[in-house]
Amino acid sequence: MTVTVRLFASYAQTLGRSAVDIETPEGATVEDVVAAILAMPGGDRLPPRPLVAVNHSYAARGTVIGEGDEVALIPPVAGG
């Protein structure tokens with residue numbers, strides 16, 4: 001199945017794109033999707049456990065991903 005992964009700010013800069021489609025097997029989890037991103041060229045420069053949202057809601061590592069879901073890797077933010 002195909003899952004769209006959105007990348008923002010420093011994550012998008014590191015991987016050179018703001019989105020990537022990942023092919024995953026049925027029953028794949030957030031952890032599987034993160035592992036696929038980390039395995040991409042440049043992925044080793046991302047944190048090993050980024051904050052993740054699935055379909056605009058924060059998600060745990062064991063959350064099962066469905067066909068067409070949108071996964072977002074949320075970079076750390078600072079403000080004042």
Can you tell me if T14 uses its side chain to pair, donor with acceptor, with the backbone of S10 under 3.5 Å? yes
Are side-chain heavy atoms of E23 and M1 found at a separation under 4.5 Å? no
Once you round to the nearest 0.5 Å, how far does CG of D21 lie from OG1 of T4? 4.0 Å
Between P50 and P47, which heavy-atom pair has the shortest distance, and what is it? CD-O, 3.3 Å
Here the pair of heavy atoms bringing P75 nearest to F8 is CG-O, 3.6 Å
Minimal non-hydrogen separation, V30 against A59, with atom names: CG2-CB, 4.0 Å
Taken to the nearest 0.5 Å, the spacing of L38 CG from L15 CG works out to 9.0 Å
Hey, are the side chains of L46 and I37 touching, using non-hydrogen atoms and a 4.5 Å cut-off? yes
Closest heavy-atom pair and its distance - M40, V20: CE-CG2, 4.0 Å
Enumerate the residue pairs fulfilling salt bridge (charged side-chain N to carboxylate O under 4.0 Å, His left out) with a member in residues 4-16, sequence neighbours excluded, ordered by first and then second residue. R6-E70
Within the structure provided, determine whether T29 and I65 are in side-chain contact (heavy-atom separation under 4.5 Å). no
dist L51:CG -> Y11:OH (nearest 0.5 Å) comes out at 8.0 Å
Partner of I22 by side chain to side chain contact (heavy atoms under 4.5 Å, CB included), out of D32, V34, V5, V71: V5
Where at least one partner belongs to residues 37-47, residue pairs that pass salt bridge (charged side-chain N to carboxylate O under 4.0 Å, His left out), sequence neighbours excluded: none
